[in-house]
Engineer: 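Would you mind keeping the following structure in view while I ask a few things?
Counting starts at 1 for both ligands and their atoms, following the listed order. We number each residue from 1, following the sequence as shown.
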Amino acid sequence: MNKRTLLAAIAAFALPLPALAQTAPDVAALREAALEDDLAWEITEGLTTEIGQRLAATEAEARARDWSVKKLTALGFQNVRIEPFTMPVWERGDEEAHVLGASAQKLTIAALGNSGSTGSRGVEGDVVYFASFADLQAAPAGSLKGKIAFISHAMTATQDGSQYGPSGAARRLGPSLAASKGAVATLIRSIGTDHHRNPHTGGTTWAQGVKPTAAAALSLPDAEQLQRLLKRGPVRLKLVVTSEMKGQGRSGNVIAEVPGSDPAAGIVLIACHLDSWDLGTGAIDDASGCGIVTAAAKRVADAGQPRRTIRLLWAGAEEPGVFGGAAYFAAHKSEYHALASESDFGADRIWRVEMRLPESAKAVGDRLVTALTPLGIAKGSGEPDGGADVGAVIRAGTAVVALGQSGLRYFDLHHTPDDTLDKVDPAQLRQNVAAWTTMLAIVANAPETIGPAPAPARR
Ligand code: ZN
Ligand code: ZN
């Protein structure tokens, strides 16, 4: 470096720095206090201990709604109520998979939500292997007649959980597609990243006109076992899956509010889902989500009446097909939602914030990023995913802030018997509550107009 460029470099450093953006002292104080929060844990512990699993439209989910009403009322929320709706009820039944022949052995499976039944006598069939959902798509019509389809996929753990979308197609759409090509049943490699002998359940959907067949997930070790057997030669399986639909049943959303001082400023809708799958106790999916959003709302409410109404939605029946989110939207679509967001990705720390805000609220977004920085949270540039239960509200044009949680271990536990309270890390949970508290304190009190949001960027 010559003398001139050296001087220029020194001069550049000597230039006055732009004033660092500051977070309002009241918001910063709420953020710091939330780092000591115990309420999110208390709610998560209470729901998972006193109710346990909360399969949609069951007696357990109904007890969970009553528990929630009591809890939210005791915490001082207003307009606490259940908004009931009806939905198709699915029951798990028995689930067994046996390899037949010289390598006869049992494999570990769990039926997928909305699975059909083999009947109690089961079905037998030769296994046809597909390395991916795309390979199944390429299979000719009728080519699976009398066969058992086995769909694998590649999935690794990532911080943003972005592999769930593409890998999850095997579960969400695979069984219906295989059945439409003649398969008598479908097995999938669990949509997960652990190597425990725990299958991951989850919902599957049936296309119009396709008769539901048995559909189940193999644990990852069992999926790999089946692949090794297939490398040695043809494999014939016997499956017994007695899942069935039991007609229409009752579920419901639990709603609670912190009424705002300015009804014209719109509602800030924050959601979680109350139901869970039935294998674990639904601690990370999604009792902790309810704990997080509620602890944040309580702390902001205790600091003084917010400008905007904060509405908590503890949605029913998210897992089998977002029935609660649909019922909420049908009942409330005419109301002015200024912003919507959901916590439904475990209890680990927040690492990223993404948002879609109107131009009028640009400064709100800037304040948010500044206030979240001390928690180690960076601004992302992607399209925010607000969560399934607020999806319809967001698609209708509501602004959204998405607080992205670390997904590094989420899919080790997701929808398995291992989704239990001991997997919740209290320290990460507190950081998460602090991020939600900061976000709520800013958006609920912002003097700017928030929403409707600009159209999403094209993907
Ligand atoms: Zn969930
Ligand atoms: Zn789930």
Engineer: Is it the case that Gln428 and Gln405 place a side-chain donor and acceptor less than 3.5 Å from each other?
Structural biologist: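 Judged by distance alone, the side chains do not pair up.
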
Engineer: Would you kindly say whether Asp412 and His196 are connected by a side-chain donor-acceptor distance under 3.5 Å?
Structural biologist: no

Engineer: Answer yes or no as to whether an N/O/S atom of Asp344 is found below 2.8 Å from the Zn ion (ligand 2).
Structural biologist: no

Engineer: Ignoring hydrogens and angles, state whether a donor on the side chain of Glu83 or Tyr328 is under 3.5 Å from an acceptor on the partner side chain.
Structural biologist: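 No donor-acceptor contact under 3.5 Å links the two side chains.
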
Engineer: Relative to the Zn ion (ligand 1), which of the N, O or S atoms in His273 is the closest?
Structural biologist: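 In His273, the N, O or S atom with the shortest distance to the Zn ion (ligand 1) is NE2.
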
Engineer: Starting from the Zn ion (ligand 1), look over the N/O/S atoms of Asp285 and name the nearest one.
Structural biologist: OD1

Engineer: Could you tell me whether the side chains of Thr416 and Asp419 share a donor-acceptor contact shorter than 3.5 Å?
Structural biologist: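 Thr416 vs Asp419: no donor-acceptor pair found between side chains.
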
Engineer: Whether the Glu61 and Ser251 side chains hold a donor-acceptor pair (N or O, under 3.5 Å, no angle test) is what I'd like checked.
Structural biologist: yes

Engineer: Tell me whether His415 has at least one N, O or S atom under 2.8 Å from the Zn ion (ligand 2).
Structural biologist: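 Looking at His415, which is the residue asked about, there is an N, O or S atom under 2.8 Å from the Zn ion (ligand 2).
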
Engineer: Give a yes/no answer: is there an N/O/S atom of Glu319 under 2.8 Å from the Zn ion (ligand 2)?
Structural biologist: yes

